[in-house]
**Student:** 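Quick one: the structure is below, and I'll ask about it shortly.
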Amino acid sequence: MGKPHRIAAGSLAFRNDAVLLVRYRDDNGGTYLVGPGGAVEDDENIVESIVRETEEETGIVVRPNRIAIVEDLLCARYKMVKIWMTCAVLGGDIRRTAEAEKEGIVEAGWFTRAQLVGETVFPRPLMQHDWDSFQRATWEPLCLPTRETRF
C-alpha cells in the first residue's frame, strides 16, 4: 500500500542579488535554508498557497509568475510533489511571525549567493544555476528525480 500524497508549493523570490529563504534546525543541531512554502490547502490553488505561505513565514507579499522547479519527494509519512514558482516581490518586510515560530522557522531573510557558501539550501537547483536564469522567459522548468527526505 502506498503512502498518502501531498501537494506543496514554494516561492523563489529574488530582490537585487538575494533570494528569500527561511532557516530550519535539523535533528542533528545543524540548520538548512529553503524557499518559503508548504502544503496546498483544500480551498486554494498553488498560486494562492505560495502567496499565503510566503507571507505567513516571512512577512513578504509576492505574486507568483511561472513554474521553475518540480520536486518529487519521498518523505517519512507521505509522498510529496512540490511546485516552485518564481515570484515578483510586491511588498512587506521580513518579520518574525507566529506561523513561522509554529513551523520551527528560526530565521527568514534575503541571502546573497556569497552568504550561502557552506550552507545546505533547498531546492538544490538554487545553488546550481544563475538566479537570473530562473526568471527568463526561456527557462524550462526542471522536473527533479525522486529524492528521499528526512522529514
**Student:** Under 4.5 Å between side-chain heavy atoms, hopping through other hydrophobics if needed: is there a path connecting Phe134 to Ile50?
**Tutor:** no
**Student:** Name the atoms and distances for all side-chain donor-acceptor pairs under 3.5 Å in residues 89-100, with sequence neighbours left out.
**Tutor:**
unit_1, atom_1, unit_2, atom_2, d
Arg96, NH1, Ile105, O, 2.7
Arg96, NH2, Ile105, O, 3.2
Thr97, OG1, Glu56, O, 2.4
Thr97, OG1, Ala100, N, 3.0

**Student:** Passes side-chain contact (heavy atoms from CB on, under 4.5 Å), Glu57 versus Glu103? Steps please.
**Tutor:** CA-CA 9 Å; Glu57 294 180 2; Glu103 291 184 30; 2.9 Å; yes
**Student:** List in chain and number order the residues that pass side-chain hydrogen bond (donor to acceptor under 3.5 Å, both in side chains) with Glu48, two or more places apart in sequence or in another chain; answer none if no residue qualifies.
**Tutor:** none
**Student:** Are any of the side-chain heavy atoms of Pro123 and Leu12 separated by less than 4.5 Å?
**Tutor:** yes
**Student:** Which heavy atom of Thr31 sits nearest to which heavy atom of Thr120, and what is that distance?
**Tutor:** O-CB, 4.3 Å
**Student:** Would a single hydrophobic cluster contain both Leu126 and Trp84, if residues Ile, Leu, Val, Met, Phe, Trp and Tyr are joined by side-chain heavy-atom contacts under 4.5 Å?
**Tutor:** yes
**Student:** Of all residues at least two apart in sequence or in a different chain, which pass the salt bridge (charged side-chain N to carboxylate O under 4.0 Å, His left out) check with Glu71?
**Tutor:** Arg147
**Student:** Are Asp72 and Lys82 close enough for a salt bridge, meaning some N to O gap below 4.0 Å?
**Tutor:** no
**Student:** Looking only at heavy atoms, what is the nearest atom pair of Leu142 and Pro125, with distance?
**Tutor:** CD1-CB, 3.7 Å
**Student:** Evaluate the side-chain proximity of Leu74 to Thr146: yes if any heavy-atom separation is below 4.5 Å, no if none is.
**Tutor:** yes
**Student:** Kindly indicate, with the supporting measurements, whether the criterion side-chain contact (heavy atoms from CB on, under 4.5 Å) is fulfilled by Arg23 and Val34.
**Tutor:** CA-CA 7 Å; Arg23 185 183 302 275; Val34 64; over 6 Å; no
**Student:** Using 0.5 Å steps for rounding, measure from the SG atom of Cys143 to the CD1 atom of Ile67.
**Tutor:** 8.5 Å
**Student:** I need the minimum non-hydrogen distance between Ala9 and Ser49, along with the two atoms involved.
**Tutor:**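 Heavy atoms of Ala9 and Ser49 come nearest at CB-OG, 4.0 Å.
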**Student:** Count the heavy atoms belonging to other residues, nucleotides or ligands that lie under 6.0 Å from CG of Asp43, then report whether that count exceeds 12.
**Tutor:** yes
**Student:** More than 12 heavy atoms of other residues, nucleotides or ligands under 6.0 Å from CG of Asp17: is that the case?
**Tutor:**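 Check fails, neighbour count at 12 or below.
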**Student:** Quick one: closest heavy-atom pair of Val47 and Met85, and the distance?
**Tutor:** CG2-SD, 4.1 Å
**Student:** Just to verify, what does Gln135 make a side chain to side chain contact (heavy atoms under 4.5 Å, CB included) with, not counting sequence neighbours?
**Tutor:**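 So Gln135 forms a side chain to side chain contact (heavy atoms under 4.5 Å, CB included) with Phe14, Thr86, Asp132.
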**Student:** Listed by chain and number, what are the side chain to side chain contact (heavy atoms under 4.5 Å, CB included) partners of Ser133, not counting sequence neighbours?
**Tutor:**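 Ser133: side chain to side chain contact (heavy atoms under 4.5 Å, CB included) contacts with His129, Asp130, Arg136, Trp139.
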**Student:** Taking all atoms of both residues into account, what is the closest heavy-atom pair of Asn65 and Ala88, and its distance?
**Tutor:**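 Looks like ND2-N, 3.4 Å.
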**Student:** Inspect the surroundings of CD in Glu101 and state if more than 12 heavy atoms from other residues, nucleotides or ligands are less than 6.0 Å away.
**Tutor:**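 It does: Glu101 CD has more than 12 such atoms within range.
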**Student:** Please determine whether residues Leu21 and Tyr32 belong to a single hydrophobic cluster, defined as Ile, Leu, Val, Met, Phe, Trp and Tyr linked transitively by side-chain heavy-atom distances below 4.5 Å.
**Tutor:**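 Yes, because Leu21 and Tyr32 connect within a single hydrophobic cluster, where side-chain heavy atoms sit under 4.5 Å apart.
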**Student:** Is it the case that the side chain of Asn16 and the backbone of Ala18 share a donor-acceptor pair, with hydrogens and angles ignored and the cut-off at 3.5 Å?
**Tutor:** no
**Student:** Could you please spell out the steps behind the side-chain contact (heavy atoms from CB on, under 4.5 Å) verdict for Thr54 and Leu20?
**Tutor:** CA-CA 9 Å; Thr54 303; Leu20 180 64; 3.8 Å; yes
**Student:** Side-chain heavy atoms nearer than 4.5 Å, only ILVMFWY residues, links allowed to pass through others: does that put Trp131 and Leu33 together?
**Tutor:** yes
**Student:** Under 4.5 Å between side-chain heavy atoms, counting indirect links through other Ile/Leu/Val/Met/Phe/Trp/Tyr residues: same cluster for Val70 and Met127 or not?
**Tutor:**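 No, separate clusters.
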**Student:** Please check if the number of heavy atoms outside Gln128 that lie under 6.0 Å from its CD is greater than 12.
**Tutor:**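 Yes, the 6.0 Å shell around CD holds more than 12 heavy atoms from other groups.
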**Student:** Provide the closest heavy-atom pair for Gln115 versus Glu119 in the form atom of the first, atom of the second, distance.
**Tutor:**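 Heavy-atom minimum between the residues: O-CG, 3.8 Å.
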**Student:** Mind checking side chain to side chain contact (heavy atoms under 4.5 Å, CB included) for Cys75 and listing every partner two or more places apart, or none if nothing turns up?
**Tutor:** Leu73, Tyr78, Met80, Thr149, Phe151
**Student:** With rounding to the nearest 0.5 angstrom, report the CZ to CG distance, Arg25 to Asp27.
**Tutor:**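 These two atoms lie 12.5 Å from each other.
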**Student:** Look only at the side chain of Lys3 and the backbone of Ala76, and say whether a donor-acceptor pair between them is shorter than 3.5 Å.
**Tutor:**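 Such a contact is found between Lys3 side chain and Ala76 backbone.
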